[in-house]
Each structure stands twice: as structure tokens, then as C-alpha cells.
Number of protein chains: 2
Amino acid sequence: MAQTDKNNHNSDQREAGRLQVLDAIRSAGTIARIDIAGRTGFSPATVTVITAQLLEAGLIEEVTPEPNEKATGIRRGRPRVSLRLRGQAHRVAGLKVSHNNISVLILDFEGTEILSHEMTLPETRMATPLFCSVLIEAVTQACAKGSFTINDLSGIGVALSGLVDAKRRFVYWSSSLTDRNVNLGAELDSCTPCPVFLDNDANLVAKAEHLFGEGRDVDDFIVVTIEHGVGMGIVLDGEIYRGTRGCGAEFGHTKVQLEGALCQCGQRGCLEAYVGNYALLREANIMDRDRPLPDVPTLFNRAQSGDMMARSIFDRAGRMFAMGLANLVNIFDPKLIILAGERLSFDYLHADTVLEEMRRSVVQVDAPLPEVRVHAWGDHMWAKGAAAYAIEQVSAQAVREASSDAA
Amino acid sequence: MAQTDKNNHNSDQREAGRLQVLDAIRSAGTIARIDIAGRTGFSPATVTVITAQLLEAGLIEEVTPEPNEKATGIRRGRPRVSLRLRGQAHRVAGLKVSHNNISVLILDFEGTEILSHEMTLPETRMATPLFCSVLIEAVTQACAKGSFTINDLSGIGVALSGLVDAKRRFVYWSSSLTDRNVNLGAELDSCTPCPVFLDNDANLVAKAEHLFGEGRDVDDFIVVTIEHGVGMGIVLDGEIYRGTRGCGAEFGHTKVQLEGALCQCGQRGCLEAYVGNYALLREANIMDRDRPLPDVPTLFNRAQSGDMMARSIFDRAGRMFAMGLANLVNIFDPKLIILAGERLSFDYLHADTVLEEMRRSVVQVDAPLPEVRVHAWGDHMWAKGAAAYAIEQVSAQAVREASSDAA
DNA sequence: TTAATTATTTTTAAGGTCAAAAAAAGTATT
DNA sequence: AATACTTTTTTTGACCTTAAAAATAATTAA
């Protein structure tokens, strides 16, 4: 809310069209002008004009069809000329700051992975200046791996767990920082040669789903991530919904029980306090203090091999999760919910029984229920989200330049 | 989702601007062109062009300042010419169908109330044909009161409790209809000389708040209504958010307790089953079967005079409500929440303790919390929402005609 | 009273987008 | 091989919006 650009009739209007076309090309991979017109709603005439400018700016290129390859069915009429993004146009980095380490992913403009890099953190929580220099160091190391430098990057996206106002690049609170209320964008600007973009990690997974994942052809969906905590990203009308202060979509701290279990946020009854990684282990270890459990997969194995205590922990978590999802459906009535996870060990939350319970807890109408897709990403998920955000922002900047050059 | 017009570059684009200007004039009451430019983001030049067309179409008029009245502070420069809606341009009806009766409210184009009318229903639940004829009868009676006929109306808005897809004018379910899945829009079209618009009643209260109420100057807010049940209307970017199937924002059936109290919808643990009117009475009558309570105000009086049982009922309801509101804040991070109610007897839900509990249950950041405004409407609230919707739709139609005439 | 100043509104010239027409680049038919 | 046909792309003329300039209508100062 209040955080969507609108009414910027100033110079924004020409950019908007360019960006829409660029997005259409990105989501399609390769696409002919006529289909861009179909998808975006622009007239073919306008598409011609816009693509000409994007071509001239070097952001896209025409695909010269191989003579043999008439695979797309022999069509009559003037043959289509497909367009695609020009990968070499830009190079961006995506960073995910985790508990113990930073992952860096470098993508080209097309979204192709160039390389990835991991670096161990000196400390879990750092003061702002140290944090900045660690970030830069991680990027520098990654670039070195690919024989280029940080100066060859057009943008850097950073995924943080915590409460982030992405627009203002302001961090209210993050588990990686000892400081609160840090104007991290400004801090990082002074250390890097290229623009840095920040957001909450779950929002960025949603961004990755929108650009590269299950949400590629959908403009309205919700992404729920489960791991240590529970995160959510909301995409409405093709944009991340962030709320007034930039800290909406805190699904994990939605209350599912009055005076319920204690959450790491200090409050009680948060969904995360029933479903999150640490919540499950806490329960397990309360139940059986003599055999402390190291991790959730172990607990899950026990449940599957018939341990009733373990099973009841997952059972309750699943039911709470179903309730949370049902609430999302009741509020948003979305077309699609994506359950995104890095590891498959959390199968229990994707179980048919959970989804069935969700369906039962939803307002019943004679219309198809929202689709729920489970997307098991590799371990790059979070960093890829950050990189996706960087690509999006770099695209906007590039289009801005292309538009003003055209004038 | 998927239910916001976009990409209608066809003829929509000229309408959009006209409509935006019209909305700005409506929300301001009277406003000079230069301020319309400021508010809408259009250039003064465009405002001149658009207002000229709206003037010619008779939708707005210039305010001739009284010679004496230089009240607005002595300004230098060319004096502003204020514009306002021309009330006589259109006349619309808003209908709210309740348990036992229908209220009809007739407004002029400016939103001024011309008259209101109440009619008793023959039955609470009716088959579709009877329902339609009762609706028409109510409108006809109301018009007769004002010495005009239904033919003098430019549109009729209808507020229904239940699950309504406003875009399709389709009713999945309503407490007023015996049938399910009724294409009520089409049914009503065949009985009326003017267009009929339908929506869920809570959505329409949100519409009324946006056009005439506390949301007049806000484009992103949430309205929660409490009465028999609990309703919600979400305004994002100036538009009612309705979800994919048109049945989002079902706040009342959000689950706040696993395996909780039985709700009238047949499910368990719905917020409404703790906070709704009928839920409170149910509890009270379970507790004390010998003295059945007639209504909630009586129960509330008992609580205030120290009856511990009554007090505990309100206490739990309040805490559940606070939890529900906190969840909304955690998900939407809205700028404003409006608690809209017809009667003040529900003070207990607006109590400071409830709001305080909500504030405690929200993700804590060093930024101002969403504002919560309590708006106690008169008994026209629901019908006014329906009328507001009719005004909005009629405006769109009028602008469409003005635009095509201008061409 | 006249000129200067100020603020609002309107006009003008330029660029963006679209519908319709034209051009382009193929396949199908004779 | 020539012509007809089909589909995509580009061009054209018209309209919408804007920035900048001009016109308008007041107040203020001289």
C-alpha cells in the first residue's frame, strides 16, 4: 500500500511500456512481436516501436532461426521473428545472508547462472560496518571466481531475514545485524560501485518465482516458504505487495492460537511457533529430554517409523499450517499458492492430509479452489530471489536509459 | 486478483483519466483545476481538457464564488475556479437486503441523500424470481415517495450478505436466497430499465467509506464490519480487492482456533463464531438456560454491571477479535483500519483494551502502527454502500459516453 | 491609475499509442 | 513460374498527454 508507483505520468509512462514488453520477453523466453502484443495488450504497432528501442539499447536480440529448424509447425504467412533477452547485456549478483554463511549467485541478464559462491560468516550477528564489508568481500570473491570484478556488475540484490522496507532500503530488524533501524541501502552504496537492492528473503523468493519459477505466467499468487521460520511473499498484479511500512506479509507471525506457544519474536501463538524448524525441535526435546534431537529430518524419520510422540508433533504442526493456509485463501482468494522450499525434508507440511485439511477449512463455493504447487528449489533459492530482484531493478534502470536515449 | 482491469489499452485509456479526475472532484467536494492536477498527477493542461469534457457532459459544474465570500484567504494571482459534481446529473438507488426487510436509499450524483425507504420482506429466504420482484417493488415504492419512477434512476446497487462475485454479478450463496449459484445480475436485468450492480455487503461498506467516509482521502485501507457476522472490505490502490473468484476478504471465516466453536457456515473456529452477534448470545444462553437473553445489548449491560459470566463472554470475544485484527495488520500492514458499525452497542469490540491487545500482537517495528478509526454510521450504512457502488459504476458509464461523444 | 507581480488556466508543439492500411515474407494453388 | 493467400511486421494518420509558452485575472506597489 502506498508503495506502488502510480500517477508518475512524468517520465514514467514511456518506461512502463518498455518494461512491460521486457517482462513479457523474459517470462516467455523467446517470443515473437505479435505474441508480445497479445500478452501485454499493446498494439502490434507499439510493440514494433518499443522492441526497436530495446534492440538498439542492446537489451534484447532477434533469434535467427536455424534453416533446418522449422520445428514450430509449418505456418503460412510472414514468418515470425522471435526475440529474446540478450544475456550479455548485464550481469548481477544475488546474495543470501544465512545463519553461518553468505551465498552469492551471479546471473546474466537472461537469468542464466554464471557461477555461485559460498563464504562463511565471521559471526552470525554483526554491526553494520562489518556486515557491509563482509557482503562486499563475498561479492568480490565470487567475481574473482569468474575472472571479472565487482565493477562488471550492474546491480547487487541482497536477501535478508527480518523486517525490511525494500523501497527505502531500510532494515527495521534483521537476525544478521546487531543494530536496529539501519539505513542499510545508504551504507552499502558507499562501499560499492553498483546499485544495491534489499528486501526480505521471502519476498525475494516470490520475486524469483515470478521471474523464473512457478509464477512465471501468473501475475497474482502467494509464495509461502518454510524453513527455520515461515515466510510469505505476495504478488498482486505482478508486483510484490509490501504494505505501508514495507513490513507486510508476515505470515509466520500470524496468530493461530490465543495465548499459544512462545515464538522467537517474543509473542505467543505465532504460526511459526508451531511450524518452524526450531519449534518442532523444541517440542521434541521437551517430550524426551534424555535423547536430544539434532535436527528435523531425524524427528521426521522417527515419526514415519511409528514414534507416536514425533508423529503428534508433526500432526499438530500440519494442522496449524493448514489453518494458516486456509486463512490466506479466505482473505486473498488467490489463484495460486506456491509452497517453496529449499529441502524436501519438510514433506510433512506438503502432505496431502495438510492440503486436504486446508481445503476443508476454506469458505466453500462452487468454484475451483486455488491451486497449490509445491516447488522444491535447489539450495540457490534465496540467492536466486535476490538476483532476480537485482535483474528487475537493473532492467528498470536500463529501460529508463533506453527511453531517454530514444528521445 | 485477475479481477482488476488492466491492459485495456483499447478505449479504456481515455476513460481512465476522466474517471480519475471525477473521483478527485468527488473526494474533494469542490476543487480547483490546479489541485486536481496535484492530486491526480495529471498536468494542468490535461485537467483543462478533461474538465472541459466533463463540463460539457453535464457531470460537473463550475462553482461561481459569491462576491462576498473571499473566505479562502486572499490569494494573489489568477483566482481559482472551483469545480464540483453536478448532483442532478444522475440519481441512483442503493439497496440492502437484511433479515426481515429491505432498505432503499436514493442518492443524487453528488452523493446527497434524496430519500430512504424501508420495506418488510415477505420471507427471509426467497427463490430467485420472488427475490427479484421484491427488490423491484422496494425500489418502485421508494421512487414513488420522491415523485419519480424507476426510469429516472441511472443505476441500482444491491448489497447482499453472502458470497458474491461482483464482476460477474453472480451469487454463489446468500442468506436471502434459497437458490445457490444464481446469475442474479442477468435475472435482475430483465426486470429493470436501468443497470443493476451487486456485491457483498462488507465490500460495499468499504466502497461507501472510500467515496463518502473515513477512507475519502486514502487509497489503501481495510474496513471491518461487525454485526450479526463479521465482514471485511479491502481497498488497495483505490479499488476493492476481490480475489480470483470474487469471494476473498472472508475475514469472518478466518480460523482463530483449531477445532474451535461451531460457526453458522458449518466449520469450526471461525472468528465470527466468537465475535458475531449470534455467537455471543449462544454462549450466554448455554451458560444460563433459565434466563434466555434477547439481544446483545442486554448481555452487554449485564457485563458492565458486573456479571462475571457475561463479562467473560465479551472478554474472549474481544481477545479473539484483537487476534484477528493483528493478523490483518501482520499480513497487510495497512495504513488504516476502519471499524464500521451501524450501532454503538458493540462498543466492547472497539474498546481500548481490544486495540491495545491488537497492538501487542503485531510485529513490532519502530514505525507508526496502522491507524484504527471507529466509524459509527447511521442505519443507512449498508444501503449507502450499495448506492456508492451504483454511483461509481454510473460514473464509469457516463465517462465512457462523454469520452466517445468527445471523439 | 498604471505597472509589476503572482497564480491559474489555456494554448501550442512534440512525443507516445492505437486502429487501419500497407508492406513484407513466407506457403498453397494453378 | 506466376498468382493467390495468409500471417507478421511496419507505416500512417489521429488522438491523448505533456512540457513549455502564452493568456488571463486577480493583488500589490508605485
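Atoms considered below: every heavy atom in the structure, side chains included; atoms not considered: hydrogens, waters and symmetry mates. By convention in this document, chain letters (A, B, ...) are assigned in the order of the sequence lines, proteins followed by strands, and residues within each chain are numbered from 1.
Counting to the nearest Å, the P atom of D:dT3 and the CZ atom of A:Arg76 are 18 Å from each other. Here C:dT10 presents its P atom at 9 Å from CG of B:Leu55, a figure rounded to the nearest Å. Taking atom CD1 on B:Ile31 and atom C1' on C:dT9, their separation rounds to 15 Å, with Å as the unit. The distance between atom CD1 of A:Ile36 and atom C1' of D:dT9, rounded to the nearest whole Å, is 12 Å. Here the P atom of nucleotide D:dC15 and the CD1 atom of B:Ile50 are 16 Å apart, to the nearest Å. Spacing between atom CG of B:Leu83 and atom C1' of C:dT10 amounts to 14 Å, rounded to whole angstrom units. To the nearest angstrom, C1' of D:dT18 lies 18 Å from CZ of B:Arg33. In this structure, the CZ atom of A:Arg80 is 8 Å from the C1' atom of D:dT7, given to the nearest Å.
The listed nucleotides are C:dT17, D:dT11, C:dT12; the one nearest the side chain of B:Ala45 is C:dT12. When the nucleotides D:dT9, D:dT17, C:dT9 are ranked by their closest atom to the side chain of B:Ala32, C:dT9 comes out on top. If you check D:dT10, C:dT11, C:dC18 against the side chain of A:Phe42, the one that comes closest is C:dC18.
Judged as a side chain to side chain donor-acceptor pair (under 3.5 Å), and not counting sequence neighbours, A:Lys384 has no contacts. Scanning for side chain to side chain donor-acceptor pair (under 3.5 Å) contacts around A:Asp189 gives A:Arg169, with sequence neighbours left out. A search for salt bridge (Lys or Arg N to Asp or Glu O under 4.0 Å) contacts involving A:Asp35 returns A:Arg80, not counting sequence neighbours. A search for side chain to side chain donor-acceptor pair (under 3.5 Å) contacts involving A:Arg91 returns nothing, not counting sequence neighbours. B:Arg78 is linked by a salt bridge (Lys or Arg N to Asp or Glu O under 4.0 Å) to nothing, counting only residues two or more places apart in sequence or in another chain. Remark: B:Thr51 pairs with B:Arg33 by the side chain to side chain donor-acceptor pair (under 3.5 Å) rule, at least two apart or across chains. Listed by chain and number, the residues in a salt bridge (Lys or Arg N to Asp or Glu O under 4.0 Å) with A:Glu110 amount to none (sequence neighbours excluded).
Taking the six-membered ring for Trp, B:Phe221 and B:Phe332 have ring centres at least 6.0 Å apart.
Taking the nucleotide of DNA chain D with the nearest heavy atom to each of B:Val47 and A:Ile34, the more 5' of the two is matched to A:Ile34. For B:Thr46 and A:Thr46, each mapped to the nucleotide of DNA chain D holding its nearest heavy atom, the one lying further toward the 5' end belongs to A:Thr46. Sequence order on DNA chain C of the closest nucleotides to B:Pro44 and A:Ser43 puts B:Pro44 first from the 5' end.
Note that the two end axes of the helix from C:dT1-D:dA30 to C:dT30-D:dA1 enclose an angle of 30°, each drawn from 5 base pairs, rounded to 10 degrees.
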Each nucleotide N or O in nucleotides 23-25 of chain D that has a protein N or O under 3.5 Å away: list the pair and distance.
unit_1 : atom_1 : unit_2  : atom_2 : d
D:dA25 : N3     : B:Arg78 : N      : 3.3

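A salt bridge does not link B:Lys335 to B:Glu371: none of the charged side-chain nitrogens sits closer than 4.0 Å to a carboxylate oxygen.
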